[in-house]
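Source: prediction; values computed, not measured.
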Amino acid sequence: MPRQMAQSRGSTRLPDLPPCPGPKLAAFQHQNAQIKWIERLDMDQDGESTAQACVYKVEIKSKIYALKIFKFFDPATIRFYWEPQLRNSVPLNEIIYYTDPFFAECRAYGRIEEATKGTREKLAVPCHGYLFLTKRDEMQLQRDGVDLGSRTLSKELRPTNLDTNLVRTIVKEFEPRPSGLTSKNVRLALRKLKRLNEIQIYNGDVRGENFRGGYLVDFGTSQTEPHCLIDTLGADDAIAKKEEDIVMFDEAMIEDEVKTRLQVLPKCRRQPPRKVKI
């Protein structure tokens, strides 16, 4: 049975996030509404979920959404990745805005909103803003066995004027169609992916399971310009970074065994399917 929980969020207007240069995502308009928790969506056949987040089907104000709930994140856990590039170029207490999956999605959806405002263009499964959960929400997640990880954040990497103890979520349209690339949606998916790259969103995790109905639903590893990790790359590396989504898409078609004449890359550039995703 769906479980309904009263919310007690304040009425103070929340800021657009993240608080750094570049695109930002606004708060979900119904911060004080009740949430009806219907079912979890992200579990695979082995009962495993993603490393970054979990996803629920929920009802808010009589409308169905997909609610992506992000685990707590400490940039220190991937210091090996960003420190060689960003040493002395970005304040340590701002690193989280460029490495945390939650902020990655905020930046991507903020750019999508900028690019499509006033038009009917649809580039990804639509997003309705971010939402902070209450303690009662957290208790429900605990009863469901959801582990959001440790709230511990390295002192030097802790951002100022931002409560890092809050459970962050992003509210998205619920897309009922199954995930995956198929012969029916592959051309749409490629067209939308190229358009995302045109507006300087580089997904970085292009897999069949991250598409629903031909539209991307996951931007947790994306980099959206302006982005310090791209800015510090050499010219050749920057070009390679910006082309990797298309390479991954070609691999995803092979992995999903999509029957199509669509040629994404010349055969000489094709890479063997990825065996490990970190």
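Each of R107, E105, R111 was checked for a side chain to side chain contact (heavy atoms under 4.5 Å, CB included) with Y109, and the lone residue meeting it is E105.
Side chain to side chain, Y202 and E225 meet the donor-acceptor criterion of an N or O pair below 3.5 Å.
T116 places no side-chain N or O within donor-acceptor distance of the main-chain N or O of T119, the cut-off being under 3.5 Å.
Taking a cutoff of 4.0 Å between a charged side-chain nitrogen and a carboxylate oxygen, K192 and E121 do not qualify as a salt bridge. Between D42 and K68 there is no salt bridge, since none of the side-chain N atoms of the basic residue sits less than 4.0 Å from a carboxylate O of the acidic one.
Judged by a 6.0 Å distance limit and a 45° cone about the ring axis, K57 is positioned over the six-membered ring of F174.
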Report task. Could you walk me through whether R168 and D100 pass the side-chain contact (heavy atoms from CB on, under 4.5 Å) test, one step at a time? Result -> CA-CA 11 Å; R168 301 88 43 84; D100 187 323; 3.1 Å; yes

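W82 is listed as a side-chain neighbour of I95, based on a closest heavy-atom distance under 4.5 Å. By the 4.5 Å heavy-atom criterion applied to side chains, K241 and L233 are counted as neighbours. Under the 4.5 Å side-chain criterion, counting only non-hydrogen atoms from C-beta, C106 is not in contact with P101. At a threshold of 4.5 Å between non-hydrogen side-chain atoms, the residues F28 and L14 do not count as touching. The shortest distance between side-chain heavy atoms of S150 and F72 does not fall below 4.5 Å. Counting heavy atoms from C-beta outward, Y97 and L162 have side chains that approach closer than 4.5 Å.
A single hydrophobic cluster is not seen to contain both Y56 and V217; linkage of ILVMFWY side chains at heavy-atom distances under 4.5 Å, directly or through other members, places them apart. Both M248 and M253 are members of a single hydrophobic cluster when ILVMFWY side chains are connected at heavy-atom separations under 4.5 Å.
Not less than 6.0 angstrom separates the ring centroid of F73 from the ring centroid of F103.
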